[in-house]
Amino acid sequence: MTADVTRWRIERYDTLDSTSDFCARRAATGEPAGLMVLAGRQTSGRGRAGRQWNSPAGNFYGSVLLRPNIPAGQGGWYALLAGLALIEALDAALPTPGRIALKWPNDVMAGDAKLAGILLDATIENGVIAWLVIGVGVNLVTAPHVPGRTTASLASLGGTMTPEDLASVLCTRLDHWLGVLPLGSETLRRAWMARAHPEGAALTVDGGRLTGQYVGLDKDGALLLRDGERVVALRGGDVALI
């Protein structure tokens with residue numbers, strides 16, 4: 001794996017349709033790696049599984065462009081990397097460490113409430129990821145209502161951070177983990193598990209298709225779920241805490 005981002009270029013816009021869509025359009029025209037795009041609001045923000053990401057003013061909406069040039073099968077590590085970098089960046093604004101945790105693959109949770117989400121988009125050419133866009137949404141000041149889900153904001157946890165400050169710290173933490181990943185994935189895997197909900201947490205996948213207890217990640221970064229007497233390795237799916 002290679003990742004060589006030495007200088008970030010941060011662009012700020014009042015309103016965009018979607019920071020990730022904007023980044024993708026820039027990628028398609030040859031924009032080099034290291035671009036971070038912020039928006040004060042999004043008119044067509046996207047979440048997982050085609051959900052709309054509500055985008056009230058004051059929260060963080062940003063996307064970064066990378067060109068990892070790695071086999072498509074290794075792209076999942078970037079989901080874990082992004083979540084780990086984000087939770088470390090948010091920790092810097094919290095008065096009490098340890099109040100937030102990761103949910104596979106890259107949601108940031110405050111208990112059972114969602115604080116932040118990450119969405120990856122990529123273009124694959126000849127089995128290699130030509131470019132990768134990491135979209136990040138964080139409820140800094142407002143926790144939008146999401147039907148069937150509980151949400152939280154950084155402010156409700158006693159934290160204060162502007163979108164610009166978060167962008168700066170997030171770039172620093174991304175640089176750190178982008179430097180670690182080419183040396184091997186085990187350090188990243190262990191660091192991610194150290195920030196996740198505790199082993200034994202009850203999880204459900206795809207609205208109840210599968211339920212079980214979280215028992216960690218395998219060597220390839222897949223979620224390990226104990227279902228009765230068997231342990232299942234999941235490489236995709238919509239995971240929720242029970």
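- A heavy-atom distance below 4.5 Å is not found between the side chains of Arg99 and Leu115.
- At a threshold of 4.5 Å between non-hydrogen side-chain atoms, the residues Arg235 and Asp218 count as touching.
- A donor-acceptor pair under 3.5 Å links the side-chain atoms of Thr151 to the main chain of Pro144, judged by distance alone.
- Residues Leu16 and Tyr61 form no side-chain contact, since every pair of their non-hydrogen atoms from C-beta on lies 4.5 Å or further apart.
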- request: Begin with the C-alpha distance, continue with both residues' side-chain angles, and end with the deciding distance and a verdict on side chain to side chain contact (heavy atoms under 4.5 Å, CB included) for Trp177 and Thr187.
  value: CA-CA 10 Å; Trp177 289 109; Thr187 298; 4.2 Å; yes
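- Both Leu174 and Val180 are assigned to one and the same hydrophobic cluster, defined by single-linkage of ILVMFWY side chains at heavy-atom distances under 4.5 Å.
- Screening Arg209, Arg149, Lys103 for a salt bridge (charged side-chain N to carboxylate O under 4.0 Å, His left out) involving Asp238 leaves a single residue, Arg149.
- Residue Ile242 holds its CD1 atom at 9.5 Å from CD of Gln213, rounded to the nearest 0.5 Å.
- Using a 4.5 Å cut-off on side-chain heavy atoms (C-beta onward), Leu65 and Phe22 make no contact.
- Using a cutoff of 4.0 Å between basic side-chain nitrogens and carboxylate oxygens, Arg173 and Asp91 are not scored as salt-bridged.
- Residue pairs satisfying the ring pair (Phe, Tyr, Trp, His ring centres under 6.0 Å) criterion with at least one member in residues 201-221, sequence neighbours excluded, are listed as follows: His197-Tyr214.
- Here the closest non-hydrogen pair linking Gly62 and Leu38 is CA-CD2, 4.0 Å.
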- request: Show your reasoning for whether side chain to side chain contact (heavy atoms under 4.5 Å, CB included) applies to Phe60 and Met161.
  value: CA-CA 10 Å; Phe60 180 91; Met161 203 174 213; over 6 Å; no
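- To the nearest 0.5 Å, atom SG of residue Cys171 and atom CH2 of residue Trp8 are 5.0 Å apart.
- Taking Glu31 as the reference, Arg9, Arg26 meet the side chain to side chain donor-acceptor pair (under 3.5 Å) condition, with sequence neighbours excluded.
- Between Val133 and Leu119, every side-chain heavy-atom pair lies at or beyond the 4.5 Å cut-off.
- Here the CG-CZ distance, from Leu102 to Arg195, works out to 6.5 Å after rounding to the nearest 0.5 Å.
- Using a distance-only test at 3.5 Å, with no hydrogens or angles considered, a donor-acceptor pair links the side chain of Arg189 to the main chain of Leu217.
- We find the CG-CG distance between Asn139 and Asn59 to be 5.0 Å, quoted to the nearest 0.5 Å.
- The closest donor-acceptor contact from the side chain of Glu199 to the backbone of Gly216 lies at 3.5 Å or more, if one exists at all.
- Contact annotation: the side chain of Pro105 never approaches that of Leu223 to less than 4.5 Å [non-hydrogen atoms, C-beta and beyond].
- Residues Ile10 and Glu164 fail the side-chain proximity criterion, which asks for heavy atoms closer than 4.5 Å.
- Linking Ile, Leu, Val, Met, Phe, Trp and Tyr whenever their side-chain heavy atoms come within less than 4.5 Å leaves Leu210 and Leu224 in two separate clusters.
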task: Let me see the working for Val136 and Leu166 under side chain to side chain contact (heavy atoms under 4.5 Å, CB included), right down to the final yes or no.
output: CA-CA 11 Å; Val136 179; Leu166 177 53; 5.9 Å; no
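- Contact check for Leu154 versus Val138: no side-chain heavy atoms found under the 4.5 Å cut-off.
- Looking at Asp121, Leu120, Leu170, Asn106 one by one, the single match for side-chain contact (heavy atoms from CB on, under 4.5 Å) with Ile134 turns out to be Leu120.
- The backbone N or O of Gly200 lies less than 3.5 Å from no partner atom in the side chain of Arg226, so there is not a single donor-acceptor pair.
- Leu66 contributes atom CG, which lies 10.0 Å from atom CG of Leu35 (distance to the nearest 0.5 angstrom).
- In this structure Glu229 satisfies the side chain to side chain donor-acceptor pair (under 3.5 Å) test with no other residue, sequence neighbours excluded.
- Remark: Leu132 CG to Ile124 CD1 distance equals 9.5 Å, nearest 0.5 Å.
- A distance-only check finds a donor-acceptor pair linking the side chain of Ser63 to the backbone of Ser20 [under 3.5 Å].
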